[in-house]
Amino acid sequence: LWPVSGRKHQLRIHMMSLGHPIVGDKKYSRRVQAHRQPKGLLLAACAAEFAHPVTGIAVRIECPEPEEFSQARAALQKGWERKQAHDLGVQNGDNAAAQ
């Protein structure tokens, strides 16, 4: 995302309009996105780049994503895989998967 204003609502509305609300967004997402909702939005800048004000040289600062993000991604992936397995079982007539 390349925010124009840097305001979080701009990003929240944009992602919702694309059908991909930000995890933890209780205002712009009507569906539950994880079994355990995180505190607040899972939204952070992991990199920033700007021209140094004196030298004009590009400065890039990066940091790893917060651990909470990794944990939420793993939980969402696990839930998605379960849903996929369930849906495939239902399509193939597997009664055990449908229950």
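Reckoned from all heavy atoms, side chains included, excluding hydrogens, waters and symmetry mates. Numbering starts at 1 and runs along the sequence shown.
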For [X] against [Y], the heavy-atom pair lying closest together:
X     : Y     : value
Ala58 : Glu49 : CB-OE2, 4.0 Å
Leu42 : Phe69 : C-CZ, 3.4 Å
Cys63 : Ala45 : SG-O, 4.0 Å
Ala51 : Gly56 : CB-O, 4.0 Å

Do you know which of Leu43, Val23, Ile22 makes side chain to side chain contact (heavy atoms under 4.5 Å, CB included) with Met15?
Ile22

Can you name the side-chain contact (heavy atoms from CB on, under 4.5 Å) partners of Ile57, sequence neighbours left out?
Thr55

Taking side-chain contact (heavy atoms from CB on, under 4.5 Å) as the test, write out the residues that go with Ala47, two or more places apart.
Arg60, Glu62

d(Lys78 NZ, Arg82 CZ) to nearest 0.5 Å is 6.0 Å

